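Each chain gets a letter, A, B and so on, in the order its sequence line appears, and its residues count up from 1. From a predicted model like this one, the values you see are computed outputs, not experimental measurements.
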Amino acid sequence: MLKRTHTCGRLRLEDAGKKVTLAGWAHSYRDHGNLVFIDLRDKEGLTQLVFNPVTQPNAHKLAKTVRCEWVIAVKGMIQQRSEGMENPKLPTGQIELVVEQLEILNVSKTPPFEIDSAEKTSEELRLASRYVDLRRPQMQARLRVRHRVAKLVRDYFDRLGFLEIETPFLAKSTPEGARDFLVPSRLQKDCFYALPQSPQLFKQILMIGGVDKYFQIVRCFRDEDPRADRQAEFTQIDVEMSFVDSNDVIGVHENLIAKIWKQILDIDVKAPMTRLSYKQAMTDYGTDRPDVRFDMKLKDISDIAKKSSFKVFTSVVEKGGIVKGICAPGKKHSRSDIEKTLTGFVADYGAKGLAWAKLKEENGKLEFVGGLKKFFSPELQKKIVKRFKAKDGDMLLFVADSQKIVNKALAPLRCKLAKDLKLYDQNSFEFVWIVDFPLFEFNEDEKRYDSLHHPFTAPVQEDLEKLETDPADVRSQAYDIVVNGSEIGGGSIRIHKMKVQQKVFDLLSISRKQAQQQFGFFLKALEYGAPPHGGIAFGLDRLIMLLTGTENIRDVIAFPKTQRGQCLLTDAPSPVDKKQLDELNLRTQRHLHAIEQKTNDKK
RNA sequence: GGGGCCGUAGCUCAAUUGGAUAGAGCAUCGGACUGUCGAUCCGAAGGUUGAGGGUUCGAGCCCCUUCGGCCUCGCCA
């Protein structure tokens, strides 16, 4: 076998005259009867091969048989392309390889789709033939960015004295949080492991174990429905540190992010990054992961709306709800846009309607046009205009409902409008830390408190007393990092005192018995000299999505799963042998029905 | 669990109001060709319209069921 001396993307004009061997896939071939050209591709790029029937009849004859995606190796001389024959589209376009010897390493069936037009090919087919899809330069580039980031992360933490430590995948199930993936135990009948949703407790125990600085690039599993940016199986950069406060953790990681952005995109991210309180974020943006690339903040107009004659507004405010709105600049939206598209859009988030008014300047005065006009006196209109600092041609959009629904509907509407109106630079990145989260949120359905982050998040020191009196008002030492409206990481200082942890469990209505069963091992560990500690986890997949400019998480995972959790390449999940189930002491519903059927038949 | 979009040749798409033998580009196969680079030119082959059922004289198109893909609400401590 011919052994390659170079890759297909590296040869340049200065290599002319060298004798080299290349290997790769036939990307395309152009047979002129006389000369044959083949573009040879590997992960580094393309190099044009030339086969000349006069000087190398054997190689030329063989080259005529080569087809797309055949695997070949070629030996020959690098030659400068003659004038006018250069290909400026290729980095190697100044040269070509004059082939003296061609070896066909493998043939290929006609590929299921053309590599060059894969961008238009259905993702279903790309996933089913991932081996072909992965050959595409774009996919190779994404895999490379992912590798480079992982390497950078490891180097960064290594230099700071962190240890990468593996934690178990076969772990204990905890009913809190997302649905667990379960793994039946063969040795312990009727018992199950759970795949970790995150190594949360293990990393905290590492701190108690004196590790001091831990990180891990680790797979996590959550059995929930996937989304464009969410996969049941995903990767976290997981970190934990001892003897630190929030600012320490934030500092270490904004520098890491700045480093990644510099190295991968050559973009300078300013550190320290801006911070925004949870409360402010909810007020101004209606979400704890605001896109701060553009302004267009939400404004509460409940006080003005209740004085209007619009029944929807007045009755909502009377019932304790709120009226909030945004002011979209420009004249892009027609009435039917609003009433069909935008109203439908907010309806998905539970809003019952979308009230609107356009603004027009008449005689030097800004006035409502259409929509809400007749319900608002000129006086009230003026107040609203002032609050939004609205201008001629702007459009006001309002949702009236409970605070929760209003924010839920307006936050995505704000982003959608900004995108439609092109209010920001698509290539910019705006980072913001969200801090001062409440420790709990009240769960209306269950009539109890839930953790906003997780039950191990430490309360702010001065709010400790409020745990007894006013739990809803207790702030946590948690922090999320958000970029362009996407949460890429989050963490907290943890509770390191058993008594506080127990108190939090009490407030979460986790009984002593439950707590012992689920977290007993951890509560015990806290009693043996747990140091103050805290950490963070980043979603690696989402980082790579941002860095590679894709909105599809499957693009940054070599072997992703579909929305129904299937791997189209391997066809997982699949039924298993009855023998396998027997060994695990398991029966599926289907088996049970079959058994019932048999018993009934006998009767 | 709910909502939406989609499924026609290997790939990407077309097919008027339900109307005759379901078309095109690319790929494939055969041929031609002295430098191409998305080569070009000539020719050929290629179809269970995702699957099943229904309405109709007649279905790619309408209706029902079902499978699959994507987006999304719920869910994701």
Side-chain angles (χ1 to χ4, degrees), chain A residues 27-40 46-54 67-69 79 81-90 92-93 96 98 108-129 132 174-180 197-198 200-201 220-232 234 344-351 405 408-409 412 416 437 439-441 443 445 449-457 476 478 487 490 492 504 508 510 518-519 537 539 551-554 561-564 566 568 571:
Chain A
H27 184 71
S28 68
Y29 62 92
R30 296 174 291 280
D31 183 348
H32 286 251
N34 187 6
L35 293 178
V36 172
F37 299 93
I38 293 177
D39 289 336
L40 188 66
L46 290 178
T47 300
Q48 173 164 286
L49 313 177
V50 196
F51 297 84
N52 188 314
V54 178
R67 292 295 176 267
C68 284
E69 298 311 308
Q79 160 182 294
R81 295 203 197 180
S82 45
E83 213 179 311
M85 301 304 160
E86 303 94 343
N87 185 350
K89 288 185 213 158
L90 293 180
T92 61
E96 61 197 357
V98 184
S108 170
K109 283 185 162 183
T110 303
F113 56 89
E114 292 159 58
I115 301 255
D116 271 343
S117 60
E119 207 56 29
K120 284 194 254 165
T121 305
S122 78
E123 196 177 7
E124 196 175 350
L125 187 67
R126 287 175 42 209
L127 291 177
S129 319
V132 174
T174 56
E176 293 276 310
R179 195 177 295 111
D180 279 329
Q197 295 179 26
S198 84
Q200 184 60 35
L201 292 180
C220 300
F221 306 87
R222 292 177 193 175
D223 189 6
E224 301 292 352
D225 288 1
R227 284 287 187 281
D229 62 350
R230 218 166 74 190
Q231 187 89 170
F234 63 101
F345 182 83
V346 294
D348 283 347
Y349 301 91
I405 287 186
K408 264 200 147 112
K416 177 191 163 53
F437 285 88
L439 189 59
F440 305 110
E441 65 183 344
N443 183 329
D445 298 333
Y449 289 103
D450 282 340
S451 292
L452 201 71
H453 276 85
H454 56 58
F456 315 106
T457 303
S476 73
E487 185 202 321
S492 62
V504 168
L508 294 171
I510 298 173
Q518 290 167 26
F519 310 113
E551 288 185 1
N552 177 350
I553 194 171
R554 296 175 298 278
K561 293 186 173 54
T562 67
Q563 281 234 322
R564 283 179 201 180
Q566 283 187 299
L568 297 179
D571 208 24

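Aromatic stacking is marked for A/H32 over B/A39, as both cut-offs hold: 5.5 Å for the centres and 30° for the planes. Residue ring and base: A/F37 counts as stacked with B/U36 (centre distance below 5.5 Å, interplanar angle below 30°).
Straight-line distance between the C1' atoms of B/G35 and B/G25: roughly 26 Å, to the nearest whole Å.
Figure legend. B/U34 is base-paired to no nucleotide; pairs are counted as Watson-Crick or G-U wobble with both atom distances under 3.5 Å. Pairing for B/C11 goes to B/G25, judged as Watson-Crick or G-U wobble with the two contacts each under 3.5 Å.
Residue A/K408 is in sugar-phosphate contact alone, with no base atom involved, counting any heavy-atom pair closer than 4.0 Å across all strands shown. Residue contacts shown for A/E86 include a base, since a base heavy atom lies under 4.0 Å away. Within the nucleic acid shown, A/Q48 comes within 4.0 Å of at least one base atom, counting heavy atoms only. At the heavy-atom level, A/R227 lies under 4.0 Å from base atoms of the strands shown. Using a 4.0 Å heavy-atom distance criterion, A/L127 is classed as making no nucleic acid contact. Residue A/D225 is in base contact, counting any heavy-atom pair closer than 4.0 Å across all strands shown. At the heavy-atom level, A/S117 lies nowhere under 4.0 Å from the strands shown. Across all strands, A/F456 comes closer than 4.0 Å to no nucleic acid atom at all (heavy-atom distances). Across all strands shown, A/L452 has heavy atoms under 4.0 Å from sugar-phosphate atoms exclusively, and none from any base.
Judged by atom type and distance alone, A/R67 does not reach the base of B/C29 through any side-chain donor-acceptor pair under 3.5 Å. Between the base of B/G35 and the side chain of A/E96 there is a donor-acceptor pair shorter than 3.5 Å. Between the base of B/C76 and the side chain of A/R222 there is no donor-acceptor pair shorter than 3.5 Å.
Contact annotation: A/K89 reaches the phosphate of B/G38 (side-chain N/O to OP1 or OP2, under 4.0 Å).
What separates CD of A/E123 from P of B/G68 is a distance of 17 Å, to the nearest Å.
Among B/C70, B/U28, B/C76, the nucleotide with an atom closest to any side-chain atom of A/A178 is B/C76.
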